[in-house]
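The next block holds one structure in the form of structure tokens; read it before the comments.
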Amino acid sequence: MQLHGVDIVDTFAEAFPMTAARVVMTAASLEWARIGATAATGYASSVIGCDAEAGIERELQLEETADGRPGIAILFFAFSRDALQKALINRVGQCLLTCATTAVFNGLEGEPNKSIRVGGNLRYFGDGWQISKQVTGKRYWRIPTMDGEFLCEDTFGTTKGVAGGNIIIIGRSQRETLTAAEVAVRAMRAIPGVLLPFPGGIVRSGSKVGSKYAALKASTNEAYCPTLRGVVKTELPEGANAVYEIVIDGLTLALVEQAMRDGTVAACQCPGVLQITAGNYGGKLGPFHIRLHSLFPESNR
Amino acid sequence: MMTIIVRHDSTIPLEFPGITPDRLEKISVLHAAKLPVLYGNRPVELGEVASISGDCSDGQLRFRGDTGRVKQLGAKMSQGTIWVEENVGLHAGAQMTGGRLTIHGDAADWLGAEMRGGQVEVQGHAGHNVGSGYRGSRHGMRGGSILVNGNAGDELGLLMRRGTIVVGGTIGAYAGSAMIAGTIVGKKGFGPRAGSGMKRGTLIACGQTEPVAAGFRYCCDYQPQYLELIRDQLGAIRNVHCYRGDVLTGGRGELLLLDAAS
């Protein structure tokens, strides 16, 4: 199959369920909201080595936030609710509680009885001076800080999201392939409920499961490394000199599929793109197999 | 909707315990007319002092007529809606756990006393001890909200444990006394000695420049984000003067004096 003259490999992305939450954080200015959100989503590219996968979903208008201030929606994904709660407590506690002027709200209604307690755990920082308030059925904690007080919602909703959706863009040169990946990222980030957890949304170090070193869970995917093309069993087509992967987490499978579709279409329109493929683990790891060809029904090609 | 028109021109009070939508929704008008109420200390049937029409299957109940001396109207209700077109007597909405009670006239003392949930709205004034705990009780209001558009009397929110009280007019003395938690908003400030002996909780006063109890200490001027969550009740806020008290009981309560934005 070809799209705008680019080969779409007949393969699938292998995705798996992860627990997701949306945190809405606000601050006195958009600049401080960005600072807080950037800190809270640091070191959160992959659960292979991080406590959670996290990233900025979008910036919010004043009328979209509970306190009428500039805000940012952040998505967090982790393997379980317990892991997500622990990650959120640590990240909100270390990065948002500490950040000037911030307040933190739940941004996801979530599944019934599947909420996690964040403010309710962070309240102990108040050392007895914390104040609980209920407003329209929601509980908030007010923790005294040196610039006033930190406001944090007691519980956050969670849902079973989908992580590990991906596309791999193979191109003629590093510059052209990176440009195509950037264009694809912009198209994907326009979709609410989608998170691209890697730096700039793009992965240069696509990995395979396992390693020759027993202690490693993952190692470089040599089949897609141009510098090893001559000495390993390569997956690269003729003329390919750079590869970038975009990993996608979404609140639903449909959102991940939409992001893969929109990203692929956007990338295929860029010069120098030779092939779009997807990463999987032979179908043994995740229950969701998103076939690239199924994203593009014949009637729409 | 069921309508109950009270016919009562005596100074002897009536008591309507249990005349609530949750109890009336499954019974007919005839059964409703036989429900026991009190005329002074004498049990009578509801039908003897009121005329009843309609049915309450939709959970809606309307009171009309001489309700000014009817005690416990809406007391202990758990669901549904009650409208009262005139004034109500003592203990209206007391100990209610849910539902909505709307009073278009004035309410006498002990409005919403020891209530645990639901909403009470009074278009006129309210008497003393709104949302308070009864004598000997450890806790007053423990949930829900009370909105009084007019003035309120003394000891509002006494021993209040949770919930919200908003008063549009003036408030008498000792509001929020011995308060344990919860929020009281005085849109025209508080009367003397508000917050005396409060352990925790929040008093929010609009248009007031001085703390009202000796046990409060000025802390700072700031803009708490929490108030933005209830800005529809407070209007635009320019600045907040924060006082903590009552220092005699730990100083964990707060009195927020609001400067309205011009």
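Every chain is numbered from 1 and lettered A, B, ... according to where its sequence line falls, protein lines coming before strand lines.
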Side chains of Arg252(B) and Gln130(A) in contact at under 4.5 Å (non-hydrogen atoms):
no
Pull out the residues in residues 120-135 of chain B that come under 4.5 Å of chain A, heavy atom to heavy atom, sorted by number.
none
Does Phe288(A), at its CZ atom, have more than 12 non-hydrogen atoms belonging to other residues, nucleotides or ligands within less than 6.0 Å?
yes
State whether the number of non-hydrogen atoms from other residues, nucleotides or ligands found under 6.0 Å of Ile48(A) atom CD1 is greater than 12.
no
Considering only heavy atoms, give the residues of residues 224-234 of chain B separated from chain A by less than 4.5 Å, sorted numerically, with 'none' for an empty result.
Pro224(B), Gln225(B), Tyr226(B), Glu228(B), Leu229(B), Ile230(B), Arg231(B)
Neighbour count above 12 (heavy atom, 6.0 Å) for Lys86(A) NZ
no
What part of Gln223(B) gets within 4.5 angstrom of chain A, counting heavy atoms only: side chain, backbone, both, or neither?
neither
Report, in residue-number order, which members of residues 156-190 of chain B are under 4.5 Å from chain A by heavy-atom distance.
Arg162(B), Gly182(B), Thr183(B)
Above 12 or not: heavy atoms from other molecules or residues under 6.0 Å from CZ of Arg116(B)?
no
Heavy-atom proximity to chain A below 4.5 Å, by part of Ser145(B)
neither
For Glu59(A), does the CD atom sit with more than 12 other heavy atoms under 6.0 Å from it, leaving out its own atoms?
yes
Result block: side-chain N/O donor-acceptor pairs under 3.5 angstrom for residues 21-28 of chain A, not counting sequence neighbours:
residue, atom, partner, partner atom, Å
Arg22(A), NE, Glu57(A), OE1, 2.7
Arg22(A), NH1, Gly107(A), O, 3.0
Arg22(A), NH2, Glu57(A), OE1, 3.4
Arg22(A), NH2, Glu57(A), OE2, 2.9
Thr26(A), OG1, Asp67(A), OD1, 3.4
Thr26(A), OG1, Asp67(A), OD2, 2.7
Thr26(A), OG1, Arg69(A), NH2, 3.1

Which of Phe150(A), Trp129(A), Tyr140(A) touches chain B most, by non-hydrogen pairs under 4.5 Å:
Trp129(A)
Rounded to the nearest 0.5 Å, what separation is found between the CD1 atom of Ile131(A) and the CD atom of Glu254(B)?
4.0 Å
